[in-house]
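The basis for the numbers below is simple: all heavy atoms, side chains too, and nothing from hydrogens, waters or symmetry mates. Throughout, a chain's letter reflects where its sequence line sits, starting with A, and its residues are numbered from 1.
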Amino acid sequence: MTHDVIIANAMLVYLAGEAEGEATLGQLASRFSIHWKKALDLLWGISLAEIEGHSFPFDIVLPPRPGRESENEAPTTPESVVRFSQLADAHIPPLTVILPELISLLSLLDSVMAVTPTGASRDALSSLRSKLVASANKAGFASAMWEEPSLEGDESILALLNEAAQKEQWVTLSYRTPDKPAQQMEIFPVEIRSEQRPSLQAWGKTGVRTLRIDRIHAVTLGRTARRSEKAAARRAIAAETSWVPQGETVTLLVEAPGRWIADTLPGVRVREEGNLTTVIFESRSDSFLASLLVQLGTSVVSIKPTCVAQRMRAYFTKLAANVSPHSSSERTDMAL
Amino acid sequence: MSEEYPKNERCFALLGAIQCFQGMTRAQARKIIPAYSFYRSEETFRRTFERDIAALRAYGYPIREENYTYFYDADAAVTSSLSSLDIGLLASALTQVDKGKHSRGKTSLLRAAKSGIAKLLADNFSAEHSPRYLKTFIPNGEEAPAIAAALQARRRISFEYRTPVPRHYEMEPSHLSVHFGNFYVTGWAHPLGESVQETGKASETVLLLSADSRTTDQWTASHQTEQSGPHLSFPEEATAQIRAHGEINIDLYEEIVTSEREEGREETDIPWKKRTFRISRIVSGSIKNVGEALLAPPDIDTSAFLAPQAVVAVKPGFRAAFLAHATPCSSTEDTPEGWTCVQLTSVNRHHLFEFLIEYSHSVRLVGNTGLLNEWRTRIRHLACLKEKS
């Protein structure tokens with residue numbers, strides 16, 4: 001379902017607020033991000049709406065629909081003008097933002113803020129967020145608002161990546177993953193993605209790379225990308241299919257609290273029986289698997305194959321030796 | 001037949017009539033709106049009228065029904081005084097929402113965002129654009145707008161929660177939040193057992209924007225999106241206090257059923273508890289309005305998602321982006337010789353645990369006590385992990 005009625009209604013409110021009550025179809029199209037023919041079509045729809053014994057409190061003069069102009073009429077174009085006049089003591093149906101719309105907009109705003117470093121842009125976003133939250137609070141819906149997300153990671157890195165993407169410059173950077181030595185790479189940044197873990201989608205000699213921003217270090221801006229490079233990068237990213245993990249097949253049995261893994265891991269196969277869930281997936285490294293297991297915590301019941309279970313047991317046994325010891329009062333309770 | 005009166009035209013006439021007459025019944029609508037008197041069949045008219053009311057609600061028009069009369073509920077508005085710059089920022093953020101597989105299951109959220117923007121654009125406009133290279137995302141939780149509508153109208157709702165053994169809950173939503181890319185709702189809730197169903201409470205249509213107000217097309221769409229695959233992201237989720245069936249019982253012991261029963265307002269022995277649900281697990285279209293919310297909203301605690309404080313010992317020379325916002329603090333007795341300590345506040349638990357694993361040679365959790373205990377429990381449990389038999 002589209003939101004045509006709202007756009008049509010919004011166009012009326014806008015026209016009613018204009019000094020002359022006039023706008024071109026092109027202006028309406030640009031403001032409401034729709035095609036000018038669509039704008040005209042919606043206004044024609046509204047102008048034909050009727051209530052018996054009652055007239056709508058406005059008069060609207062529209063150019064004919066394209067192709068329906070008579071011989072003595074100029075062809076309808078984006079420059080054609082819409083004229084609106086409002087009758088006295090009458091009102092256009094009001095447009096009021098309601099809570100479901102507000103929470104959707106707020107979540108969208110947070111997504112932008114998650115990848116915007118401190119500076120004028122972030123200040124503007126933060127100010128906008130405060131206004132939205134204040135309006136909800138004033139209307140009595142403070143409990144429906146949540147806190148502004150904090151920025152994780154090194155802002156100076158994020159600022160450099162934003163600058164490079166904006167100016168379309170190559171960058172050299174160091175990328176550090178836990179299981180490998182830091183890699184130096186020269187890449188062209190195309191998209192900064194505000195997912196749960198902000199990431200950079202970039203293009204380079206080895207094709208498309210998706211890099212977690214919190215693992216990027218030592219960024220240096222390079223030369224401006226050539227037009228052919230920009231085109232090649234965007235083509236490559238558009239053609240990129242979803243990443244599917246590859247590696248060793250692992251089967252985990254988890255209790256209900258760990259069921260989230262089925263919703264979040266890509267390419268996972270799931271079988272649910274009562275309160276137990278079996279998940280089968282490809283683990284790309286022991287480091288990846290260990291970080292996944294630690295988040296699942298005590299909900300993990302078992303793991304297979306045997307060799308993986310043994311490696312993980314050894315990994316966590318070694319880690320347990322490094323974990324700060326318990327105080328004597330805690331020791332009894334925590335013993336497994 | 002409806003070709004003669006397009007949906008937009010019908011809806012606009014209906015909206016105008018409801019506002020113009022300050023309340024209108026279905027029969028009146030049939031009489032005074034030619035787009036409805038056009039239908040010869042009462043049944044077809046009725047179906048079309050109800051779909052149009054549902055569509056207006058879905059567009060964000062607060063249409064309230066009382067004694068078979070429809071009103072425009074002006075009190076439902078959240079007014080916001082935004083500048084052109086503000087609206088430009090929001091509008092451009094919306095245009096950059098990822099339209100790929102990540103947007104599945106977010107139809108109603110995107111629709112709500114679009115209608116909100118269209119309304120704001122009526123009064124203000126700016127050519128301001130967020131950078132084109134930013135890709136924005138909307139959190140998961142298709143039913144979040146319906147929950148927000150119930151929260152706004154102070155309603156008690158029931159819904160089906162997706163678990164291996166599907167469960168029904170009754171809830172008074174009081175708090176919304178976003179964590180790990182998902183919407184969560186917190187409030188007093190209890191599972192619906194047979195004892196509740198036997199009371200024969202009739203479900204009504206949700207007041208404002210409800211799952212019941214969907215058209216057939218929306219129903220189909222929402223059920224399709226429900227089956228969408230998992231989104232691409234590293235696994236993160238609150239599990240610290242997650243108990244059975246996936247919901248997070250932030251406070252397992254606060255029960256208010258006694259006082260409610262004394263007042264004779266409850267018909268069930270099942271206690272109410274403060275619970276937090278992941279909205280993406282609420283079965284699409286299952287939300288029903290079961291009456292007015294009667295209980296005082298519970299206090300909210302976000303510690304299941306964020307650790308208020310963590311003290312990490314760091315090996316000399318080690319640097320990581322994760323610690324960029326950490327502040328130096330005094331060492332604890334568990335700090336290894338020569339290491340320094342830093343403090344993180346309101347830190348995402350799962351990001352912290354992942355970080356501690358990835359850089360276990362260079363960082364070590366040494367405080368606070370509660371978090372440390374949780375960390376030890378996890379590590380020791382995993383050290384005893386068995387292979388699947």
For the CG atom of A:Leu105 and the NZ atom of B:Lys114, what is their distance to the nearest 0.5 Å? 12.5 Å
Set out, in order, the CA-CA distance, both residues' side-chain angles and the distance that settles salt bridge (charged side-chain N to carboxylate O under 4.0 Å, His left out) for A:Arg215 and B:Glu358, then state yes or no. CA-CA 11 Å; A:Arg215 290 180 172 166; B:Glu358 290 185 345; 2.3 Å; yes
To the nearest 0.5 angstrom, please state how far the OG atom of A:Ser194 sits from the CG atom of B:Leu134. 8.0 Å
When rounded to the nearest 0.5 Å, the distance separating OG of B:Ser280 from CH2 of A:Trp260 is 13.5 Å
Output the distance between atom CD1 (B:Ile147) and atom CG (A:Leu99), rounded to the nearest 0.5 Å. 11.5 Å
Give the member of A:Val190, A:Leu319, A:Asp214, A:Ile7 that has the highest number of heavy-atom pairs under 4.5 Å with chain B. A:Leu319
Which bit of B:Pro34 comes within less than 4.5 Å of chain A, counting heavy atoms only: side chain, backbone, both or neither? both
Counterpart residues, side-chain contact (heavy atoms from CB on, under 4.5 Å), relative to A:Asp154 (two or more places apart): A:Ser156, A:Ile157, B:Ala321, B:Ala324
Can any side-chain N or O of B:His381 pair as donor or acceptor with the backbone N or O of A:Ser299 at less than 3.5 Å? no
Under the criterion side-chain contact (heavy atoms from CB on, under 4.5 Å), which of A:Leu48, A:Asp4, A:Leu42, A:Ile46 is the partner of B:Phe12? A:Ile46
Begin from the C-alpha positions of B:Leu15 and A:Asn9 and carry the test side-chain contact (heavy atoms from CB on, under 4.5 Å) through to its verdict. CA-CA 10 Å; B:Leu15 181 65; A:Asn9 195 166; 3.8 Å; yes
On a heavy-atom basis, the closest approach of B:Glu354 and A:Ser291 is CG-CB, 3.8 Å
Using non-hydrogen atoms only, which part of A:Met11 is less than 4.5 Å away from chain B: side chain, backbone, both, or neither? neither
Is A:Val300 close to chain B through its backbone or its side chain, or both, or neither, when contacts mean heavy atoms under 4.5 Å? both
Candidate pair B:Phe183 and A:Ser104, rule side-chain contact (heavy atoms from CB on, under 4.5 Å), full reasoning: CA-CA 10 Å; B:Phe183 271 108; A:Ser104 301; 5.9 Å; no
Distance, nearest 0.5 Å, that separates CG of B:Asn182 from OG of A:Ser107: 11.5 Å
Report which part of B:Ala35 has an atom under 4.5 Å of a heavy atom belonging to chain A: side chain, backbone, both, or neither. neither
Can you tell me if B:Arg378 uses its side chain to pair, donor with acceptor, with the backbone of A:Val294 under 3.5 Å? yes
Sort A:Ala8 into side chain, backbone, both or neither according to what part of it lies under 4.5 angstrom from a heavy atom of chain B. neither
Under the side-chain contact (heavy atoms from CB on, under 4.5 Å) rule, what do A:Glu155 and B:His325 come out as? Steps first, then yes or no, please. CA-CA 9 Å; A:Glu155 287 191 46; B:His325 298 282; 3.3 Å; yes
Heavy-atom closest pair (B:Ser177 atom, A:Trp146 atom, distance to 0.1 Å) is CA-CB, 3.9 Å
Looking only at heavy atoms, which two atoms of A:Leu293 and B:Leu382 are closest? And how far apart? O-CD1, 3.5 Å
Does the side-chain contact (heavy atoms from CB on, under 4.5 Å) test come out yes or no for B:His351 and A:Arg197, once each step is laid out? CA-CA 9 Å; B:His351 290 185; A:Arg197 286 287 201 184; 3.3 Å; yes
Minimal heavy-atom distance between B:Gly116 and A:Val97, with the atoms involved, is O-CG2, 4.4 Å
Using the ring-ring contact (aromatic ring centres under 6.0 Å, His included) criterion, which residues pair with B:Tyr359? Sequence neighbours excluded. B:Phe318, B:Phe355
Does B:Tyr133 use its side chain to pair, donor to acceptor, with the backbone of A:Gln166 at less than 3.5 Å? no
If you compare all heavy atoms of A:Ser111 against all heavy atoms of B:Phe137, which two are closest, and at what distance to 0.1 Å? OG-N, 2.8 Å
For the residue pair B:Pro145 and A:Pro100, what are the closest heavy atoms and their distance? O-CG, 3.4 Å
Separation between CZ of A:Phe288 and CD1 of B:Ile357, rounded to the nearest 0.5 Å: 13.0 Å
